[in-house]
Each structure stands twice: as structure tokens, then as C-alpha cells.
Amino acid sequence: MFDHFVWSVLVVPPLILLVVRLLADRLPPAGAARAVAWSAAVVAAASTVNLLLFALKALAQVPAVAGVSGWSATVVTADTAAEPWAPWLSVALLAAVVVSVTRRWRHHRDVLALGRSAGDGTALVVLPDAEAKAFAVPGRPGYVVVTTGMRSLLTDRQFDALLAHEQAHLAGRHHRLARLADTAAAAHPALWWVAKHVDYLLERAADEHAAVEVGSRRTVAHAIGAAALATSGAGATPAGSGWSVLHVAIPQGIVPRRVSLLLTPRTWPAAGLLSLLPAALAAFSVVWSVEAAIDLVELLMAASGR
């Protein structure tokens, strides 16, 4: 069984990170965000299932459990005799995953509840705040929050671009993909960077939507640049204060990249085939998890003398 642990827990998650890095700007951002987020979620789920199977194997190795269940603890233990630490490490890692995912899920729930309670039923909420901020708060209906500090920095056209960007987040329900990827990262630390890249792809998707809505890629690029300059060095962002982060001013290191892609749009040859790469890795991980489950059942049957 140990080979399943190696592939699903240790090998595939870092591999999907490399694939995402390779495909970063070679796919349409909206489709790439969906492919990467769902693939990361499947990989995280497969990894967690493997940890659960190895934790069950650790339990099956306990003589008292084996005696009650009618199988040989010696036979079960012998399957990973060369790696006796693997089952018990899986118990600890599984516990860590459960705690991490539960905390992340509660955080997401609290953030959405906070955002929804702060709305007044209008599509746009303007806050009297000199600090420049703009972000979307998902809900039914969702709404966009803009501070007076941000509004004063932008021309009317740039403000329209900013609103189109935030509305794209709401219309596309981008918070769901962001939450999915973030939960996957909570389940496996190697997927943390993948989740950050999903955030970037969602921002890029909103940029592209805004460019179509306002009819000018340059206007959107200028709006992003103005927002980024205004928020550089500022205190807490909406993320820091617990708000859902779907806003135009995300960490400044990737803003030049977003602006560059707006000003020099790319074509995406063979996008459909490339998007299959993360999906293929995810499917590969699922196959290994299914085989691990089958191997565990066969091991317990053999240990029972069947």
C-alpha cells in the first residue's frame, strides 16, 4: 500500500503545483481557474482519503482491534514492515487535516455571514473612508463596496471599469472557486500556492470581463494601476479585516503582470488540451486512492484467512 501513499500524498500535490505554474498564462483565465480549483480539490480529497485508509490500517494493526475483528495484526503490520512509520504518521496528518479544514470552513462561513449582514440591499455600497478600498461581497444578492477614498482616485471611466471587475466576481460566483481552492490548501500544504494562483486567475478573469464591458483594455489597466498604487503600503486590506477578498487591488507583485496581459492580450492555442493536464493529474490521484482502498480490503481479507 505504501506506493499509493507516496503518489497520492507526496508526489501528485507538488506535481499539480508545477503544472499550474506551467499553464499560468497559457489558458483563458476563467476556464483555467475552474480547472485548477477543481483539480486541486480532487487531489486534496484523494490525498485525504489515502491518509484515512492508512489511519484505518494503523487501527487494524492494534492487537486488540485485530482480535475483536478476527484478523491477524501481524499480517496487517507486515504489509508496511519496511515503512512502519507510515500508518501512524497518517493518523497524525489526518487529524491535522480535519482540524485545518474545519477551521477554514468556519472562517469562510463567518466571512460570508459578516459580509451579508453589512449590506443594505443595494448593488453598490459607498463607505466614507479615506483609505482606498474596493471589493465584492458575495451573497443573494451580492454587492460591491467602494470607499470614497477609492472613488476619488478614479475617473468616471476607470470607476466603471472597477465596478465591472467587481460585478464579474459576483456574476461568476468566483468566491466559490476561491473557497474551494482555499479548502484544498487547508487539506494539503503543497496546494497553498495553487490556491493563491486560483485567486490570481479569478482576478484575471474579472479583468477580461471588465475590458469587454467598458470596451477598453487600457482603461481597465489604468484602473488596476491606480487602485494598486493607492493601496500599496496601506494597512489591512479587506482580507486582513475578514472580508471576502474579491477586489481589484490584490498584492502588488502580480499587478504589473495583470496590466501587461491587458495591454498585450494573448491567444490561447490548444487551450482545451492544456486544461486537461491538471484534470489528468487529479484523475491519476483518484485511481491511486481507489487502488489503495482495494488493497486495504484485500489485506484485511488475507489477514482474516479468507
Side-chain angles (χ1 to χ4, degrees), residues 24-25 27-34 36-37 111-112 115 118-119 122-127 129 131-139 141-179 181 196-232 234 237-241 243-266:
D25 295 312
L27 292 172
R34 287 191 295 271
V36 171
V111 165
L112 287 175
T122 61
L124 174 63
V125 176
V126 180
L127 298 180
D129 188 344
E131 189 173 341
K133 293 181 181 178
F135 51 95
V137 180
Y143 58 95
V144 176
V145 176
V146 180
T147 63
T148 52
M150 178 66 82
R151 178 64 186 93
S152 66
L153 291 172
L154 304 176
T155 66
D156 288 345
R157 287 278 289 163
Q158 290 171 350
F159 186 62
D160 288 343
L162 181 144
L163 291 181
H165 174 102
E166 301 302 339
Q167 288 293 343
H169 285 314
L170 296 176
R173 298 194 176 276
H174 289 173
H175 69 286
R176 293 183 175 180
L177 287 178
R179 182 169 56 186
K196 294 301 177 185
H197 208 84
V198 170
D199 291 342
Y200 161 73
L201 289 169
L202 292 174
E203 293 299 325
R204 282 278 301 116
D207 292 344
E208 294 293 332
H209 177 87
V212 172
E213 285 294 309
V214 301
S216 172
R217 303 180 71 86
R218 186 170 296 275
T219 298
V220 178
H222 287 169
I224 292 171
L229 288 174
T231 56
S232 61
T237 65
S241 59
W243 288 95
S244 178
V245 186
L246 292 175
H247 54 91
V248 79
I250 56 177
Q252 285 71 35
I254 63 173
V255 168
R257 194 166 160 194
R258 290 170 59 196
V259 170
S260 174
L261 288 168
L262 278 167
L263 296 179
T264 55
R266 297 182 179 183

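Because only heavy atoms are used, hydrogens play no part in the values below, and waters and symmetry mates are left out as well, while side chains stay in.
Counting only distance, with no hydrogens or angles, the side chain of Arg217 and the backbone of Ala211 share no donor-acceptor pair below 3.5 Å. Here the side chain of Arg204 pairs no donor or acceptor atom with the backbone of Ala33 at under 3.5 angstrom.
In this structure, Ala227 and Met150 approach most closely via the heavy-atom pair CB-CE, 3.7 Å. Minimum interatomic distance between Ala134 and Glu166 (heavy atoms only, all atoms of both residues): O-OE2, 3.8 Å. Residues Tyr200 and Ile254 come closest through the heavy atom pair CD1-CD1, 3.5 Å. Scanning both residues, Leu163 and Val144, for their nearest heavy atoms gives CD2-CG1, 4.1 Å. Heavy atoms only, all atoms of each residue included: Ala205 and His174 are closest at CB-CE1, 4.2 Å. Nearest approach of Ala164 to His209, heavy atoms of both residues: O-CD2, 3.7 Å.
Note that the CD atom of Gln167 and the CG atom of Asp160 stand 11.5 Å from one another [nearest 0.5 Å]. To the nearest 0.5 angstrom, Leu202 atom CG is 10.0 Å from Arg34 atom CZ. In this structure, Leu177 CG and Asp199 CG are separated by 10.5 Å, a value rounded to the nearest 0.5 Å. We find the CG-CG distance between Leu162 and Leu154 to be 6.0 Å, quoted to the nearest 0.5 Å.
His197 places a side-chain heavy atom less than 4.5 Å from the side chain of Leu201. Residues Thr219 and His222 fail the side-chain proximity criterion, which asks for heavy atoms closer than 4.5 Å. In this structure the side chain of Arg218 reaches within 4.5 angstrom of the side chain of Leu263, judged on heavy atoms. Residues Glu131 and Thr147 form no side-chain contact, since every pair of their non-hydrogen atoms from C-beta on lies 4.5 Å or further apart. Residues Lys133 and Leu127 fail the side-chain proximity criterion, which asks for heavy atoms closer than 4.5 Å.
Figure legend: cation-pi geometry between Arg151 and Phe159, with NZ or CZ positioned under 6.0 Å from the six-membered ring centre and within 45° of its axis.
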Test side chain to side chain donor-acceptor pair (under 3.5 Å) applied to Glu213 and His165, step by step
CA-CA 9 Å; Glu213 285 294 309; His165 174 102; over 6 Å; no
